[in-house]
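Here is the naming used below: chain letters follow the sequence lines, and residue numbers restart at 1 for every chain. These figures come from a predicted structure and were not determined experimentally.
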2 protein chains.
Amino acid sequence: MSSTIKVLLAEDQSMVREALAALLGLEEDIEVVAQVARGDEVVAAAHAHDIDVALLDIEMPGCTGIEAAARLHRELPAVKLVVLTTFGRPGYLRSAMEAGADAFLVKDAPAAQLAEAVRKVLAGDRVIDPTLAAAALAEGANPLTDREREVLRAAADGSTNAELARALHLSQGTVRNYLSTAIQKLAVRNRTEAVRIAREKGWL
Amino acid sequence: MSSTIKVLLAEDQSMVREALAALLGLEEDIEVVAQVARGDEVVAAAHAHDIDVALLDIEMPGCTGIEAAARLHRELPAVKLVVLTTFGRPGYLRSAMEAGADAFLVKDAPAAQLAEAVRKVLAGDRVIDPTLAAAALAEGANPLTDREREVLRAAADGSTNAELARALHLSQGTVRNYLSTAIQKLAVRNRTEAVRIAREKGWL
DNA sequence: CCGCCCGTATGACATCTGTCATCCGGCAGT
DNA sequence: ACTGCCGGATGACAGATGTCATACGGGCGG
């Protein structure tokens with residue numbers, strides 16, 4: 001016991017990543033032994049370094065921190081997972097938990113909570129902002145079906161129905177139907193609002 | 001001369017802000033003497049602390065780092081300005097320079113460049129990513145008129161023409177005209193794409 | 001086995017959006 | 001004084017979008 005806690009840090013923005021590493025480096029009992037900038041490099045790096053805790057940003061190229069968490073949880077269940085994100089979206093919290101995360105932190109929480117969380121998850125605790133947890137429970141589950149989500153995601157960039165139909169191998173009418181039901185489920189008036197709301201809730 | 005360089009750090013996400021402070025704290029010659037989380041607190045903090053360099057994130061509540069830079073430049077022209085941002089949007093670079101910034105850094109640049117930039121601006125140099133500078137020059141100036149930008153910004157959340165007309169005290173037809181010309185200037189096919197492109201270029 | 005939801009599709013309809021021509025008053029350059 | 005651009009507006013039109021009813025096959029829970 002109690003040599004240092006070995007941490008893998010995954011975050012795409014170098015400056016932020018190295019700054020977080022500097023922050024954790026100030027702690028006597030924590031050592032950042034690996035850094036990656038892409039979600040799809042997490043698992044390999046974890047295998048290569050024998051780590052105790054993985055600190056994962058959600059928004060990353062390659063794959064999201066949540067997907068990375070899920071894979072890591074399957075392949076190396078002993079590794080504790082701390083998910084870190086810019087956006088406190090309740091849906092994110094929900095999916096992070098389903099992926100096996102032990103802690104969920106938003107980046108506008110005080111920096112001290114980071115090292116705190118690392119130590120706590122290693123001790124077997126879970127770390128979740130209670131406000132966010134309440135919000136996640138209050139808003140209920142994602143009402144969108146898989147297809148509705150796919151279409152909405154594809155529609156986010158302003159693609160037209162015809163383009164969506166082509167891209168998703170659907171008829172144009174079907175695309176409209178999915179968007180229509182999504183719009184109704186989200187209680188908004190057009191696809192743009194639907195995309196916005198779904199994003200805010202972390203349902204996209 | 002040459003005691004330490006006194007830095008003000010403005011960034012809304014506590015964890016990132018304190019991590020950057022930790023990073024700069026590792027440098028012998030740099031000292032973070034003040035931290036703020038809002039753009040509209042920058043000027044007051046600068047007055048209170050007699051700083052050499054202000055390090056400003058763009059995306060902040062209160063006001064943007066660019067607006068804060070402009071005010072600081074007017075009130076305390078001796079303070080050097082480093083603008084830091086997540087998004088390498090050419091339009092941001094342009095407006096940052098117009099606001100009097102001495103350096104423009106994107107957060108996915110290596111962390112070492114941060115301290116580097118602080119030292120260089122103090123020495124009277126300017127620090128700009130050459131790739132970004134080229135992009136900013138290549139894309140030309142913002143082609144949108146004030147009103148077009150306003151309408152586009154207001155349309156970003158999915159508001160309908162009628163809502164936009166009400167909000168901006170315009171006729172519905174005028175709203176459509178502005179959106180139409182914006183769409184044509186940006187060479188896209190609908191308002192959603194127009195918003196996306198304008199955002200990407202930093203023209204919004 | 002029956003109902004229910006999902007994925008997919010069609011057709012009809014109403015409304016919203018985008019385009020275009022045209023107009024006005026004001027202001028800046030030449 | 002003339003020209004051109006901007007802000008603002010109207011009307012007409014085509015095409016995109018949103019709604020609704022309806023249909024069919026597959027799967028899953030009761």
Side-chain angles (χ1 to χ4, degrees), chain A residues 91 94-95 98 139-204, chain B residues 91 94-95 98 139-204:
Chain A
R94 187 180 293 263
S95 9
E98 282 166 12
E139 88 174 1
N142 187 338
L144 303 173
T145 69
D146 284 4
R147 282 313 237 176
E148 284 159 4
R149 240 183 308 118
E150 267 180 78
V151 176
L152 212 50
R153 218 181 304 133
D157 66 353
S159 297
T160 165
N161 283 337
E163 291 169 338
L164 295 174
R166 241 172 292 130
L168 301 170
H169 309 289
L170 290 174
S171 91
Q172 229 179 110
T174 306
V175 168
R176 294 205 307 213
N177 287 152
Y178 285 152
L179 285 172
S180 183
T181 57
I183 287 166
Q184 286 175 76
K185 284 179 179 175
L186 299 173
V188 294
R189 263 177 313 304
N190 56 51
R191 61 182 69 194
T192 308
E193 279 193 332
V195 167
R196 189 170 56 84
I197 297 298
R199 272 225 185 97
E200 274 172 25
K201 302 234 183 192
W203 287 344
L204 216 102
Chain B
R94 187 180 292 264
S95 10
E98 281 165 12
E139 89 173 1
N142 187 339
L144 303 173
T145 69
D146 284 4
R147 282 313 238 174
E148 285 159 2
R149 240 182 309 117
E150 267 181 77
V151 175
L152 212 51
R153 216 180 306 134
D157 67 353
S159 297
T160 165
N161 283 337
E163 291 169 339
L164 294 174
R166 242 172 293 132
L168 300 170
H169 308 290
L170 290 174
S171 92
Q172 229 179 108
T174 305
V175 168
R176 293 203 305 202
N177 288 152
Y178 286 151
L179 285 173
S180 183
T181 58
I183 286 166
Q184 285 174 77
K185 285 179 178 174
L186 300 174
V188 294
R189 262 177 315 304
N190 56 51
R191 61 184 66 194
T192 308
E193 279 192 333
V195 167
R196 190 169 56 84
I197 298 299
R199 273 226 184 97
E200 273 172 26
K201 304 234 183 191
W203 287 343
L204 213 91

Shortest side-chain distance from B:Leu179, nucleotide among C:dG18, D:dG18, D:dT10: C:dG18

Sidechain N-carboxylate O distance under 4.0 Å for B:Arg196, B:Glu200: yes

Over all atoms of both residues, closest heavy-atom pair of A:Val195 and A:Ala156: CG1-CB, 3.8 Å

Side-chain (A:Glu193) to main-chain (A:Arg189) donor-acceptor, under 3.5 angstrom: yes

Nucleotide nearest B:Ile183 (side chain, heavy atoms from C-beta), chosen from D:dG18, C:dG18, C:dT10: C:dG18

Interatomic distance where CZ belongs to B:Arg189 and C1' belongs to C:dG18 [whole Å]: 12 Å

Contact under 4.0 Å: A:Arg147 side-chain N or O vs C:dC6 OP1/OP2: no

Spacing of A:Glu150 atom CD relative to C:dC6 atom P, expressed in whole Å: 15 Å

Distance in angstrom units between A:Gln172 CD and D:dT17 C1', rounded: 10 Å

Separation of C:dT15 C1' from B:Arg176 CZ (nearest whole Å): 11 Å

Length of the CG-C1' vector between A:Leu144 and C:dG7, whole Å: 15 Å

B:Thr145 side-chain proximity, nearest of D:dG7, D:dT17, C:dT8: D:dG7

A:Asn190 vs B:Ser171, nearer the 5' end of DNA chain D by closest nucleotide: B:Ser171

Proximity to the side chain of A:Tyr178 - top-ranked nucleotide from C:dT8, C:dA21, D:dT17: C:dT8

Minimum-distance nucleotide (side-chain atoms of B:Asn177 versus D:dG8, C:dC20, D:dG18): C:dC20

For atom CD of B:Glu193 and atom P of C:dT17, their distance in whole Å: 16 Å

Integer-rounded Å distance: C:dT17 C1' and B:Leu152 CG: 14 Å

Over all atoms of both residues, closest heavy-atom pair of A:Leu170 and A:Tyr178: CD1-CE1, 4.0 Å

Among C:dT8, D:dT17, D:dG7, the one nearest A:Thr160 by side-chain distance: D:dT17

Side chain of B:Asp146 (C-beta onward), nearest among C:dG7, D:dG7, D:dT19: D:dG7

Closest listed nucleotide, where the reference is the side chain of B:Asn161 and the choices are C:dT17, C:dT10, D:dT17: C:dT17

Side chain of A:Gln184 (C-beta onward), nearest among C:dT8, C:dT17, D:dC20: D:dC20

No-hydrogen, no-angle side-chain donor-acceptor test under 3.5 Å, A:Arg191 and A:Asn161: yes

Rounded interatomic separation in angstrom, taking NZ from A:Lys185 and C1' from D:dG18: 16 Å

